[in-house]
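In listed order, ligands and their atoms are each counted from 1.
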Amino acid sequence: MLGATGSIGVSTLDVIRRHPQRYQVFALTACRSVEKLYHQVLEFQPRYAVMTDADAAAELRQRLAATAVTTEVLAGADALVDVAKADDVDQVMAAIVGAAGLLPTLAAAEAGKRVLLANKESLVMAGPLFMRAVEEGGAQLLPIDSEHNAIFQSLPGQYQGDFTQHGINKILLTASGGPFRGYSAEQLQQVTPAEAVAHPNWSMGQKISVDSATLMNKGLELIEACFLFHCQPEQVQVVVHPQSVIHSMVQYCDGSVIAQLGQPDMRTPIAYGMAWPERIDAGVAELDLFALAQLNFEAPDATTFPCLQLAADAFAAGGTLPAVLNAANEIAVEAFLAEQISFTAIPTAIRAAMQAHTWQAADSLDDILQADDWARHFTRDWLAHACRQEDAF
Ligand code: NAD
Ligand code: MG
C-alpha cells in the first residue's frame, strides 16, 4: 500500500478489511502522517511500515515499541522501492500523490507485480518508459482511476491496443466538471482553495480535488488513457457528466455504447482491480436509478478551463513535455493551496513552463527526473516573480 493514509489508501484498507481471508497487508507507507499510520499498523499488522520522512519514522518506531506489534519501521524513499518490489508482494496499490509515486510504482512494474494504478502522475510523467517496464517486467497494470477502470470494464476482454480490430470508434471519458462548472473566467479569479477542494461528488485528497476544479485532472486522465489503452487524444472525447454516475464509456462502430455505472465511490474500482477477474463485495451501496432520475451531459468549456488543452498539447509534443506539465501543475497547485496565487494563475504558470522548456526526448528515467526538477524550479521562480509584478496573482 503506497500512500496508505490518503483518500485512496483508506478506501483500499476498507476493502481489505472486508476480506481478511483473501488479503494480507505486507507494507503500509505514508509520508509523515504518524498518527494515521500508527492506527493502520495496529489494525493490519503489516511486516513493514515505511515513512519517507525520517523524523516521522522515528516517532512511529517509538510509539510501536510500546505495543505488541512486530511491524518493522523503515525510513526514506528508497524503502518505498524496496517494499514495492519485495518477493512476497503480489499486488501493489500505487496511491501516493504526485511525482513522488513514480519510482516505487515503476519498481513494482519492473518486478512484475499486479500494479493497481491510482497514481496517474507517474504514467503522465513517464508514459512510454512505464509501459515498457510493465511489458518487460511481465506486470499486470490495472487502472484504479474510476474513468479508466470503467473503460477497462467496457473494452473487450481480449483488447490489446487495436481499436479497429475490435470495432471501437471512441473512448468517452466522463468528467464531473468540478465545483466551478459553468463559471466564467471572471468568477474563477475570485475562487478560494476551500471552494476548490469541495468537490460536488467525490471525496478526495487536496491535490486531485484542485486538479478536478481546473480540469487538469481530466487532462492528466486524457494522457493516462492514451498510454493505458494505446490510443490518440482524437480518439478520446471528454464528456461532462455532472452526476458522476457513468464513470466512462466505449463507443463501437455498430452504434453500441458500453458504459460502466455506479456510485461515485472509489471502493468499486479498487475492489475490481484487487480481485480481477473476479468480483468481490466493496461495501458500496447499490445504485438507485429511481432516486437518481436524471443523467446529464455537456461539452467541456476548454476556453475557460485551459488545462485540458495544455495536457493534450503536452501529450502531442511528447518527450519531456508531459513531465514538465505535471511538475509545473504540482507546484502551481501547491502555491494556490497556500493562498500565494489565484486559481487562474495555475494554467498561466503551466503554460509558461511548457513554453520555456527546451524539448528533449525522454529515453531514460534521468531525462524525466531532470525535466521534472527543471519545471519545479522554473515554476517556483516564475510564480515568485509574477507575484511581485502582477496584481492578478
Ligand atoms: P491523498 O493526498 O489523500 O494521499 C496521498 C498519500 O500519499 C498519503 O498517504 C501520503 O502520505 C502519501 N504521500 C504524499 N506525498 C508523499 C511523498 N512525497 N512520498 C511518499 N508518500 C507521499 O491523495 P489521494 O486523493 O488518495 O490520491 C492518491 C493518488 O490517487 C493521486 O495520484 C490521485 O490522482 C489518484 N486518484 C485519487 C482518487 C481519489 O478519489 N482520491 C481518484 C482517482 C485517482
Ligand atoms: Mg478519475
For a quick test of reading the model, state the closest non-hydrogen atom pair linking Val89 to Lys113 and the distance between them.
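Answer, listing the atom of Val89 first, then Lys113: O-NZ, 2.9 Å.
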What are the two closest heavy atoms between Lys120 and Glu221, and how far apart are they?
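Where Lys120 meets Glu221 most closely, the heavy atoms are NZ-OE2, 2.9 Å.
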Within 45° of the six-membered ring axis of Tyr38 and under 6.0 Å from that ring's centre, is NZ or CZ of Arg63 located there?
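Judged by the rule (NZ or CZ under 6.0 Å from the ring centre, within 45° of its axis), Arg63 counts as positioned above Tyr38.
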Quick one: are [X] and [Y] in side-chain contact, heavy atoms under 4.5 Å?
{"X": "Leu228", "Y": "Leu123", "result": "yes"}
{"X": "Leu173", "Y": "Val239", "result": "no"}
{"X": "Arg267", "Y": "Arg18", "result": "yes"}
{"X": "Ser7", "Y": "Met266", "result": "no"}

What is the closest protein heavy atom to [atom], and at what distance does it sit?
{"atom": "atom 25 (O) of ligand 1", "result": "Gly205 N, 2.9 Å"}
{"atom": "atom 29 (C) of ligand 1", "result": "Ile96 O, 3.7 Å"}
{"atom": "atom 11 (O) of ligand 1", "result": "Cys31 N, 2.9 Å"}
{"atom": "atom 4 (O) of ligand 1", "result": "Gly6 CA, 3.1 Å"}
{"atom": "atom 3 (O) of ligand 1", "result": "Ser7 N, 2.9 Å"}

Evaluating non-hydrogen atoms only, which member of [options] is closest to [atom]?
{"atom": "atom 28 (C) of ligand 1", "options": "Ala99, Gly3, Ala95", "answer": "Ala95"}
{"atom": "atom 5 (C) of ligand 1", "options": "Val97, Leu37, Thr12", "answer": "Val97"}
{"atom": "atom 31 (C) of ligand 1", "options": "Glu221, Glu121, Glu147", "answer": "Glu121"}
{"atom": "atom 37 (C) of ligand 1", "options": "Ile8, Asn119, Leu117", "answer": "Ile8"}
{"atom": "atom 10 (C) of ligand 1", "options": "Ile208, Thr5, Asp145", "answer": "Thr5"}

Which atom, among the N/O/S set of [X], is closest to the Mg ion (ligand 2)?
{"X": "Asp145", "result": "OD1"}
{"X": "Glu147", "result": "OE1"}
{"X": "Glu221", "result": "OE2"}

Please could you name the atoms of ligand 1 that [X] approaches to less than 4.0 Å, counting only its heavy atoms?
{"X": "Ala100", "value": "17 (C), 18 (N), 19 (N)"}
{"X": "Ala118", "value": "30 (O), 32 (O), 35 (C), 36 (N), 44 (C)"}
{"X": "Ala30", "value": "11 (O)"}
{"X": "Lys120", "value": "32 (O), 34 (O), 44 (C)"}
{"X": "Thr52", "value": "19 (N), 20 (C)"}

Non-hydrogen atom of Met266 closer than 4.0 Å to ligand 1
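Met266: in contact with ligand 1 (<4.0 Å).
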Work out whether the distance between some heavy atom of Gly9 and some atom of ligand 1 is less than 4.0 Å.
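The answer is no: ligand 1 sits nowhere under 4.0 Å from a heavy atom of Gly9.
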Testing the 3.5 Å rule here: is there a donor-acceptor pair between the side chains of [X] and [Y]?
{"X": "Asp211", "Y": "Asn329", "answer": "yes"}
{"X": "Asn119", "Y": "Ser122", "answer": "yes"}
{"X": "Asp254", "Y": "Ser256", "answer": "yes"}
{"X": "Glu224", "Y": "His148", "answer": "yes"}
{"X": "His19", "Y": "Gln21", "answer": "no"}
{"X": "His39", "Y": "Glu43", "answer": "no"}

For Gln206, which part has a heavy atom under 4.0 Å from ligand 1: side chain, backbone, both, or neither?
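Looking at Gln206 and ligand 1, no heavy atom falls under 4.0 Å.
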Which is it for Ala4 and ligand 1 at heavy atoms under 4.0 Å: side chain, backbone, both or neither?
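Backbone only; the side chain of Ala4 stays clear of ligand 1.
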